[in-house]
Structures are given as structure tokens and as C-alpha cells.
Amino acid sequence: MLRHSDFVIKVKRILEKIVDVRGDEVRASLLAFVFNFVVLGGYYVIRPVRDEIGADRGVENLPWMYTGTLVGMLIANALYAAIVARMSRRRFIPIAYRFAIVNLFIFFLLMRTMPAPQERSILAPIFFIWVSVFNLFATTMFWSFMADVFTPEQGKRLFGFIAVGGSLGGIVGGFVTSSLAGKLSAAVFLLITAAMLEIAAQCVRLFPADFQAHDERSEQPIGGKFWEGATNIMRSPYLLGLALFLMIYTLTNTWAYFQQSDLTGHQLQDRAARTSFLANIDIAVNTITVLIQVFLTGRLMKWFGVGITLVLMPLLSAVGFAAIGFAPILTVLATFQILRRAAGFALLRPAREVLFTVLRREDKYKAKSLIDTFGYRLGDITGAWSYPLMRWFGLGLVGISWVAVPLGAVWCALSIWLGRKQRQLAEGQRAVELPATAATT
């Protein structure tokens with residue numbers, strides 16, 4: 001019979017062939033992998049349902065739904081910051097996921113009982129807004145936890161592998177929806193997501209408590225006021241740079257999403273066909289993402305650093321929008337969306353999360369949450385209202401694509417600056433930690 005210690009050794013040997021994992025990092029890395037798998041997997045089960053709502057209601061209605069999302073994000077941020085200040089991370093993270101589960105059950109009941117016309121006109125936009133808020137909080141809580149428990153050095157080695165878990169979850173979630181769209185009602189997909197979120201809550205509970213035993217404050221409430229995330233961002237050029245980086249990313253994301261909704265809504269009339277098409281895009285995105293994460297992400301950050309890894313995304317975006325400028329058709333846009341989103345998950349996300357590992361613990365939850373949620377949606381809403389404004393001025397898909405290209409230069413410069421600043425802060429942390437470690441030995 002295989003003993004537990006023998007099993008751990010075998011797992012460690014397998015992991016060492018994939019990622020540079022060391023010592024007591026095996027259990028933490030595997031739990032983080034599963035955690036990310038169920039969080040993103042659960043989201044990708046219901047993402048096509050949300051995107052179909054966006055395509056069905058038309059581009060002209062999306063700015064209003066994005067505005068509603070921003071309002072919802074403000075309310076959720078205030079509640080989240082207040083809870084973070086008073087509870088340990090092992091309490092507030094599971095509570096937040098279980099609150100989302102309760103919401104999913106309510107939506108399930110309403111979808112099964114509400115008449116179709118009312119569901120389409122009232123419940124559908126509410127669900128669109130809820131999923132948009134839920135997505136960001138589900139992922140930012142996960143990555144805040146990762147930035148808190150892993151050091152900057154561990155993040156460079158392990159975040160690529162941990163991100164693979166989310167990509168595989170996205171593949172499974174997208175496949176579930178793609179294969180069952182038209183066979184099951186949309187309400188059933190909500191129950192699948194709820195089950196996956198409960199597994200996420202259990203991952204937090206099972207995470208090794210002694211993984212960062214040197215930090216006695218790790219399981220204490222963070223404390224402070226709920227508005228301190230915003231004030232800390234305004235005082236820190238580094239945090240402001242992180243916020244601006246994300247806003248440019250989401251602004252261009254929104255323009256690409258509107259283009260996708262516009263072309264999909266016009267060229268695919270059947271709702272089930274649109275849902276299946278969008279789910280297939282998700283599958284392609286996450287398949288390519290896994291390949292990049294396994295073979296490139298960790299090596300790029302190790303060889304070239306975080307800054308160079310970040311630069312690849314704005315370069316790809318500039319090229320992609322230029323391609324749409326030359327050929328504004330659904331095939332080109334779908335290809336661009338697949339490559340851009342894959343690069344976002346495989347390269348930008350792990351590299352960007354390493355940027356947060358050098359922050360103070362309070363900023364890893366409060367400031368990071370505000371940047372990842374409100375900052376993200378602020379970029380969204382800027383894109384959502386600027387897109388119809390540009391169309392009002394006579395710009396179509398081609399013109400809007402060419403407007404997006406120059407943003408790449410600003411984005412590239414900001415990426416390089418953030419990479420350099422992260423390296424300086426990480427070196428400063430090591431300089432402080434080394435004397436403290438020597439004093440305790």
C-alpha cells in the first residue's frame with residue numbers, strides 16, 4: 001500500500017519535471033492549482049450565458065449594462081473591504097464564495113419560474129451585471145490570496161503553473177457549456193458553477209496553515225478602514241501605475257468585446273448557435289493558454305523578467321487591432337480574440353500578479369481588490385461609452401481598431417517601468433528580510 005510520504009515524493013518528482021517546485025511547496029502549489037481550476041472553471045460555465053445576453057441585447061444596450069456593473073462593483077467593493085478589515089482570510093474568502101453560491105441558487109429559481117418575456121427583459125441584464133461583478137471578485141480573491149502566501153521569488157517560479165489550473169478549468173467549463181447548450185436550460189449551468197465554488201471554499205480551508213509560519217500576522221484580520229485601499233493607491237506611483245496598466249488593458253478589451261458582440265449578433269442569428277460559438281472561442285483560448293503556460297510563461301519570467309513578459313501583450317494587441325483594421329470580418333476578430341485572451345491569461349495575468357507580491361499585506365487585499373475590480377470596470381465603462389461615441393463620429397470597426405493601435409506604445413512603456421519598479425521593491429524586501437532571518441537563527 002502506498003504510504004502518504006511516498007505519494008508526496010512521487011507527486012513532487014512529477015511536478016519537478018513541469019515546474020521548479022521546492023520542499024514544502026508541493027501541497028500549497030497543488031491546492032492553488034485546484035483552487036484556480038474551480039474558480040475559473042465555474043466562471044467559464046456561465047460566461048457564454050452572459051455573453052449570449054450581450055449579443056442578444058445588441059451593442060447599443062451594452063454601455064448601460066456596463067454602467068450598472070460599475071455601480072454594482074462600487075457597492076461590492078465597500079462590503080468586501082469592510083469584511084477584509086474584520087476577518088481573517090480563512091474566514092472571509094469562503095464566506096464570499098458561499099454568498100455567490102446563494103445568489104446562483106436565487107437566479108436558478110427565478111430562471112425556472114419567471115415567464116420568458118420578463119426573464120429576457122428584466123432578469124437577463126441583471127444576471128449580466130451580476131456575472132460581470134462576480135467574475136472579478138472571484139478571481140481577485142484568489143490572486144490576493146496567492147500574492148499573500150507566496151513570496152515574489154516563489155511567484156515567478158510557481159504562478160505560471162498555478163495559472164495552468166485556471167486555464168484547464170476554463171477549458172472544462174467552456175466544454176461543458178458548449179456541449180450541453182441547447183440540451184440543458186441556462187439555469188442548470190448555474191448549479192454547476194455553485195458546486196465548483198464550494199470546492200474553492202474548501203481549498204482555502206485545506207491550505208497549509210504553516211506555509212508561511214514566519215509571518216505571525218498571516219491569519220489575523222487586516223484591520224484599518226475600508227476606504228484605505230483608495231487612499232493608498234492615490235499616494236503610491238506604483239499602485240497608480242498598476243491601475244493605469246489594467247485600465248488600458250480593459251479599455252481595449254471592451255472595444256474588442258463590442259466588436260465581437262456586433263459581428264456575432266449580426267452573423268449568427270440563433271441563440272444556441274451564438275452560445276456554442278462563444279463557448280468554442282473560450283475552449284480555444286484556454287487550450288492555447290495551457291500550452292503557453294506550460295512551455296513559456298515560467299521560462300520567460302525567469303529569463304527576461306516581469307517587465308519584458310508584460311510588454312508582449314500590448315505588442316500583440318497593437319498587431320491584432322491593425323489586422324482588424326485591414327480585414328474587419330468575424331474570422332479575423334475571433335482569431336485576434338483567441339490569441340489576445342490567451343496571452344492575457346498565460347503571460348499577462350501571472351506576470352501582473354507577481355507585481356502585487358511586493359506590496360504590503362493590507363494593499364494585497366484592499367488596494368489590489370479596488371484595482372482589479374473597480375479599476376477594471378472603470379476601464380470597461382470608459383470603453384463602453386467611448387465605443388458608441390466613436391461610432392457616432394462615424395468610426396466603424398476599422399476606425400476604432402486604428403484608434404486602439406497607438407495605445408500600445410503607452411502600454412509598452414508602462415509595462416517596462418512596472419517591471420523595473422517591481423524588481424527594485426523585491427530587492428528592497430530581500431535586503432530587509434536577510435538581517436531579520438539571520439537574527440532568528
Side-chain angles (χ1 to χ4, degrees), residues 11 14-15 18-21 25-47 89-90 93-94 96-98 100-101 131 134-151 154-176 192-208 211 282-283 285-298 301 341-357 364-365 368-369 372-373 376:
V11 171
I14 294 173
L15 280 180
I18 304 172
V19 62
D20 185 12
V21 64
E25 297 171 347
V26 174
R27 181 184 173 189
S29 299
L30 288 175
L31 277 171
F33 182 95
V34 174
F35 191 173
N36 202 15
F37 177 92
V38 293
V39 167
L40 277 184
Y43 166 60
Y44 272 95
V45 167
I46 58 175
R47 176 189 166 100
R89 62 194 182 193
R90 287 184 186 272
I93 295 178
Y97 284 127
R98 284 166 181 156
I101 291 172
V131 173
F134 152 78
N135 163 41
L136 290 184
F137 270 100
T139 53
T140 197
M141 282 190 296
F142 168 78
W143 282 111
S144 291
F145 188 54
M146 295 300 103
D148 197 13
V149 297
F150 290 100
T151 66
Q154 288 173 322
K156 289 182 180 180
R157 289 189 290 107
L158 301 174
F159 279 6
F161 167 74
I162 292 170
V164 172
S167 301
L168 291 176
I171 293 173
V172 172
F175 179 77
V176 167
I192 298 173
T193 298
M196 298 180 85
L197 290 182
E198 177 56 31
I199 297 174
Q202 293 299 322
C203 286
V204 178
R205 184 180 68 84
L206 295 172
F207 204 87
F211 186 64
D282 289 342
I283 294 172
V285 167
N286 287 291
T287 301
I288 295 173
T289 297
V290 169
L291 295 175
I292 296 174
Q293 286 168 336
V294 170
F295 296 107
L296 284 178
T297 304
M301 284 197 283
R341 286 172 52 196
F345 290 126
L347 300 176
L348 184 144
R349 187 81 203 219
R352 191 173 69 87
E353 298 305 333
V354 173
L355 298 177
F356 288 100
T357 60
K364 288 176 181 177
Y365 288 96
K368 176 174 168 51
S369 172
D372 283 357
T373 57
Y376 192 105

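- For the pair Asn36 (side chain) and Gly165 (backbone), a donor-acceptor distance under 3.5 Å is absent.
- By the side chain to side chain contact (heavy atoms under 4.5 Å, CB included) test, Phe137 pairs with Met73, Ala76, Asn77, Tyr80, Val133, Thr140, Ser369, Thr373, sequence neighbours left out.
- With a 6.0 Å radius and a threshold of 12 heavy atoms from other residues, nucleotides or ligands, Phe175 has its CZ atom at or below the threshold.
- By the ring pair (Phe, Tyr, Trp, His ring centres under 6.0 Å) test, Phe134 pairs with Trp130, sequence neighbours left out.
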For residues 198-208, run the donor-acceptor check on the side chains, cut-off 3.5 Å, and write out each pair with its distance to 0.1 Å, sequence neighbours left out.
residue : atom : partner : partner atom : Å
Glu198  : OE1  : Arg98   : NE           : 3.1
Glu198  : OE2  : Arg98   : NH2          : 2.9
Glu198  : OE2  : Gln202  : NE2          : 2.9
Gln202  : OE1  : Arg205  : NE           : 2.8
Gln202  : OE1  : Arg205  : NH2          : 3.0

Determine, step by step, whether Glu353 and Lys368 satisfy the side chain to side chain contact (heavy atoms under 4.5 Å, CB included) criterion, reporting the C-alpha distance in whole Å, the side-chain angles of both residues, the deciding distance to 0.1 Å, and the verdict. CA-CA 10 Å; Glu353 298 305 333; Lys368 176 174 168 51; 2.7 Å; yes

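- Of all the heavy atoms in Val285 and Arg341, the pair that sits closest is CG1-CB, 3.8 Å.
- Between the CZ atom in Phe159 and the OG atom in Ser29 there is a gap of 10.0 Å [rounded to 0.5 Å].
- Note: Asn135 CG to Leu40 CG = 7.5 Å, rounded to the nearest 0.5 Å.
- Screening residues 134-145 for salt bridge (Lys or Arg N to Asp or Glu O under 4.0 Å) gives no qualifying pairs among residues at least two apart or on separate chains.
- Ser167 pairs by the side chain to side chain donor-acceptor pair (under 3.5 Å) definition with Gln293, not counting sequence neighbours.
- When the side chain to side chain contact (heavy atoms under 4.5 Å, CB included) test is applied to Phe37, the partners found at least two apart in sequence or on another chain are Leu168, Val172, Met196.
- Contacts of Val131 classified as side chain to side chain contact (heavy atoms under 4.5 Å, CB included), with partners at least two apart in sequence or in another chain: Tyr43, Ile46, Arg50, Phe127.
- The minimum heavy-atom distance linking Gly170 with Tyr44 is given by the pair CA-CD1, 3.6 Å.
- Taking the salt bridge (charged side-chain N to carboxylate O under 4.0 Å, His left out) definition, one finds that Arg47 meets it with Asp51, Asp282, sequence neighbours left out.
- One distance of note links CG of Asp148 with CH2 of Trp143; it measures 14.0 Å at 0.5 Å rounding.
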Side chain to side chain contact (heavy atoms under 4.5 Å, CB included) for Val39 and Tyr97? Distances and angles first, verdict last. CA-CA 9 Å; Val39 167; Tyr97 284 127; 3.6 Å; yes

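- Atom-to-atom distance recorded for Leu30:CG and Ile162:CD1 is 9.5 Å, nearest 0.5 angstrom.
- Partners of Thr139 under the side chain to side chain donor-acceptor pair (under 3.5 Å) rule, at least two apart in sequence or in another chain, do not exist in this structure.
- The two atoms that bring Ile288 and Ala342 nearest to each other are CG2-CB, 3.9 Å, heavy atoms only.
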